Amino acid sequence: MTAEKIQTVKTSPFADQRPGTSGVRKKTRVFMQPGYLENFVQSVFDAVREDCPGGFGDRTLVVGGDGRFYNRPAIQLIVRMAAASGFGKVLVGRAGILSTPAMSAVIRRRKAMGGLVLSASHNPGGIEEDFGIKYNIGNGGPAPEKVTELVYRHTLTISEYRTVEHPDLDLDKEGTQRILNTEVEIFDPIADYAAVMEELFDFAALKKLFHGGFRLVFDAMHGVTGPYAHYLFEERLGAPSGTVVNGVPLPDFGGGHADPNLVHAHKLVERMGTPEAPDLGAASDGDGDRNLILGKGLFVTPGDSLAIIAEHAAACIPGYKDGLAGVARSMPTSTAADRVAAALGVPLYETPTGWKFFGNLMDAGKCTICGEESFGTGSSHIREKDGVWAVLCWLSIVAKTKKPVTEIVSDHWQRFGRSYYQRYDYEGLPQQGAKEMVDHLRAQMPGLVGSEFAGSTVEKTDDFSYKDPIDGSVSSGQGLRILLADGSRVIVRLSGTGTAGATMRLYLERYRNDAGKATMKEVLGPLAEAALRVLDLRARCGREAPDVIT
Ligand code: VG1
Ligand code: CO
C-alpha cells in the first residue's frame, strides 16, 4: 500500500457547465477557480460510472491537450482525481500533448474507456483567453448529447469530488508510475497517430512526390500539430525542413488566433498568392482537428475540399480503395459533397453542426468520409475531424492525378458545377440582442414562403431538426433555413463554442453549373443582402460588416 490517501472534498455546483457544440469552453480564469475543473471532471466520472457497475478498476482513461495555458496544471489535477476514482490505468501524452485526432486514435487503438481532451480548439489561448474540456467516449469520438446532458445534470447537483495528495508528475518523461492502485503512463503522443496514417496512406508514393520537388508549406499556427507535422511530413515523407512553420506548440499560440481561415492564417494566404508560392499551402488549428487547404492563388473552400476528397478517395488513397459506404456533412456545409455522393451511388447524410453527430453513422458503417464547413474534414479511421489527415489526402490526390491543386479543383467544378459558398461571422454580439434577432427571423419565416428572394423564390423555411438514424434521438433547433427554388440556401445559427457574448453565423450557398467561372461576390452578394434585410442586423445589433468571412 502507498501512503497516499483519498480525499473527499466538499464542493458546490457551477450553473454554467453545460457542454456546447464541443465540450465546455470558458475564459481560462473561470477554469482556474477552485473546484471548477474538479466539478466537471468528477461529473464526467459520475456520469460514466453508471455504465461501469464494477467501477473503473479495469478501465483506461486517456488525458491530453493542445498545450495551451493551464494545460499542465489541469492534467496534474485530472490524474490525481482519476487515481482517487480508481481507474486501472491513465495514459497521458508526453508534455501533456495530444492533438484531438491523436486522442481519438489512442482511445481506439488502446481500447480505452474514453478520454479527456483539454482544449478550446480554435479559440485563442492564454490566461486572459480561453480554455476548455471535453469527454470522448470509447469509440474515440466526442460524447453524444445523451452523455453530455447526463454530465451536465451531474454538474448541477455535485456536492463533493475525490482526489489524492500526490506531488506533480514529470510530464516530460515517458514511463510508468503508480498513484494508489492506478498505473499512470506517460507515453509518446505521436506514435499511435502516425501508425494510423501509415495504414491509410501510401507513404512511398508521397515520399516520391516530395523527392520530385513538390513543395508544401504547413502552418501549425503554434498549435498542437507542429510535432505531428514535423514527424510525418519532414521526417517520414522527406519534405525539406522548413516545410512546417510555427511548429512549436506555445501556451498562447504565439499571441495569434490558431484558427486556420482566410483571416487568421492571412500570412500563409498571402504567401500562396505570390509567384514563388509552394504547390500546396495548409494550416491547422490549436488542437489539430481543422484544416485549411490552399493551392497557388486559390483557397479551396472546406465544402469543396470535402467533395473533392470524397470524389478521389477510392482511386488515390489505399485506405479507401474499396470505396465509400457513404458521405456525411453538417447541415450548413455546402452541398458539393451531395453531388459527389450521388455520382458515387452512396448515401449522403445531413447532420447538425458538431462532430459528435457523425459518430453513430461511422460506428454503424454507414459513412466513411464526413466534413463541416468550419474547416473540418475526416473519416471513419478515427472519430474526430483530422487536420493532418486532410493534408495527406490532398498530397495523395496530387501524387496520383499528377495535377496541381488548382486543376483538381477546376476539374471538379467542370464535372459537378460549383457551390458558391461563404460564411459570415458576427462576433461579440450582445446575448439578448442576438437571441431576439434570431427569434425575429424565426417569426418571419413562414410568411416568406412564396416571396421573391435574391432573384429566386422562397420554397421552404424551417428550423433544422435531426433524427439520428441509428439511435432515434432527436436534436432540434439546429439552425434556421431559408431554402430557395433555385437550390440556394441561407442559414442562420448562433455559435455554441464562444466564451464572450454571442456569435451569429450566416451561411450562404448558391449553386451554379458554370464550371466555377463567376466570383463569390457576384453570385452571393444578392443573397447576403436579402438575408441581412430580413435579419435587420444593423438596426438590431448595430453591425455593418461581419468580423470574419470564410
Ligand atoms: C464551431 C463550428 C463547428 C465545429 C465546432 C468545433 O461550432 O461551426 O462546425 O464542429 O466549432 O470545432 P459553433 O457552434 O461555434 O458554430 V473545433 O475545431 O473548435 O473543436
Ligand atoms: Co479544433
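Whatever order the structure lists ligands and atoms in, that order sets their numbers, starting from 1. Because the structure is a prediction, the values reported are computed rather than measured.
Note that R493 lies outside the cation-pi zone of F464, set by a 6.0 Å cut-off to the ring centre and a 45° limit from the axis.
Between D289 and ligand 1, at least one pair of N/O atoms sits closer than 3.5 Å. In terms of N/O distances under 3.5 Å, ligand 1 is not approached by N123.
R489 and T335 share no donor-acceptor pair across their side chains, judged by distance under 3.5 Å alone.
At the Co ion (ligand 2), the vertex angle linking OD1 of D287 with OD1 of D289 is 90° (nearest 10 degrees).
Of the heavy atoms in S374, only side-chain atoms (C-beta onward) come closer than 4.0 Å to ligand 1.
Considering each of K134, R290, E372, the one bringing a non-hydrogen atom nearest atom 1 (C) of ligand 1 is R290. Distances from atom 17 (V) of ligand 1 to the heavy atoms of G496, S121, S22, S119 put S121 nearest.
At least one N/O/S atom of S121, from backbone or side chain, sits under 2.8 Å from the Co ion (ligand 2).
Counting non-hydrogen atoms of other residues, nucleotides and ligands closer than 6.0 Å to NZ of K27 gives a total above 12. Within 6.0 Å of the CZ atom in R271, the count of heavy atoms belonging to other residues, nucleotides or ligands does not exceed 12.
Interface atoms of ligand 1 facing T353, defined by a heavy-atom separation under 4.0 Å, are 3 (C), 8 (O), 9 (O).
Within the 3.5 Å criterion, the main-chain N or O of N139 finds no donor-acceptor partner in the side chain of D363.
Considering just the N/O/S atoms of D285, the one nearest the Co ion (ligand 2) carries the name OD2.
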